[in-house]
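Throughout, protein chains are lettered first and strands after them, A, B, ... in sequence-line order, and every chain is numbered starting at 1.
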Amino acid sequence: MSFQDIDHPLSIAGRTFTSRLLVGTGKYRDYDEAAAAITASGAEIVTFAVRRTNLEQSADEPGLLDVIPPDRYTLLPNTAGCYTAKEAVRTCNLARELLDGHNLVKLEVLGDAETLYPNVVETLKAADELIHLGFDVMVYTNDDPIVAKELEQRGCAAVMPLGSLIGSGHGLQNTHNLRLIAERAAVPVLVDAGIGTASDAAMAMELGYDAVLVNSAIAHARQPALMGQAMKQAVQAGRAAFLAGRMPRRQSAEPSSPFAGRIND
Amino acid sequence: MQIQLNGEMTSLEGDTTIHDLVTSLGLTQRRIAVEVNEEIVPRSQHDAISLTDGDRVEIVHAIGGG
């Protein structure tokens, strides 16, 4: 039986995807490095940020969307850097205009610049407003199961708790909460933020997450394209292990080789 | 007249549409979005909307992010 026979594609807001790894485009040295890493990761959904156009830049220099053309990837504009619901909604409206009506967005409303921890109050407010405006909202949140459920019930298309602080590479700091969120979710759940290396991504998938979103761990690896490939394989391995179901843990040893028939019996 | 363009005070001569502004900045081939006074101006209306003194114009594009 092949993997494809028992798994189903990832489905978010009516769109389906084969890859369960989403990647960001920040922190790369240049577009070539980003393109190689994204290709190696096999990601189909790619995040980006919306910022003021550099009016000094020459018009024929390539832009990010030349690296991740909208006809090849599902683009996921984020609201990174927003601290209020109002700023986040404004950013999403700009993103929708930028992408000719594309309405899938990653909502993140931050609490402070040091922790980049989500401001849940503003996040809830922004989610309500964006859903009202017809956006499909994939929402970055903390690892609180009640908040995750609340965001789901308000109509978010996917809920994305942090593993640890954005860009910290500290992996999954509260696997108990993360597991609770995954077990109780009725919409796709993704671990967003904190993934430091391939085993973190595999663990998220083993906990039952539908996908993971990785940026810094790939972009800041010594060899980003190789880490992109490692993340792809880790997500596949973690997903397969989740579907396979892990063995029960035991308090004591149990031999793998039978006792019966030993030569000294 | 004076407008605020991406946070910087900028002088414009005479009647200027958003399309004129985008053209003068060499951005016609680029994928951008334009907001005037915190309202989106759809691409299809860039020709139709003229800027007025004191307008706050934002022109944004996609950059790397996570």
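Ranked by non-hydrogen atom pairs under 4.5 Å with chain B, the options A:L76, A:L55, A:D192 are led by A:L55. For the set A:T53, A:T25, A:T47, the count of heavy-atom pairs under 4.5 angstrom toward chain B peaks at A:T53.
Atom CD of B:Q4 has more than 12 neighbouring heavy atoms from other residues, nucleotides or ligands inside a 6.0 Å radius.
Within the 4.5 angstrom heavy-atom criterion, atoms from both the backbone and the side chain of A:L94 approach chain B. With a 4.5 angstrom heavy-atom cutoff, A:K106 touches chain B only via side-chain atoms. Heavy atoms closer than 4.5 Å to chain B are found in both the backbone and the side chain of A:L99. Heavy-atom distances place both the backbone and the side chain of B:I32 under 4.5 Å from chain A. Heavy-atom distances place both the backbone and the side chain of B:E38 under 4.5 Å from chain A. In this structure, the portion of A:N78 lying under 4.5 Å from any heavy atom of chain B is its side chain and not its backbone.
In summary, the side chains of B:T52 and B:D55 do present a donor paired with an acceptor at a separation below 3.5 Å, with no hydrogens or angles considered. The closest side-chain donor-acceptor pair between A:T197 and A:D200, if any, does not fall under 3.5 angstrom. Using a 3.5 Å distance cut-off with no hydrogens or angles, the side chains of A:S19 and A:E44 do not pair a donor with an acceptor.
With B:E35 as the partner, the salt bridge (Lys or Arg N to Asp or Glu O under 4.0 Å) test is satisfied by one option alone out of A:R96, A:R90, A:R52: A:R90. Partner B:I49 forms a side-chain contact (heavy atoms from CB on, under 4.5 Å) with one of B:V34, B:T16, B:I18 and no other, that one being B:I18.
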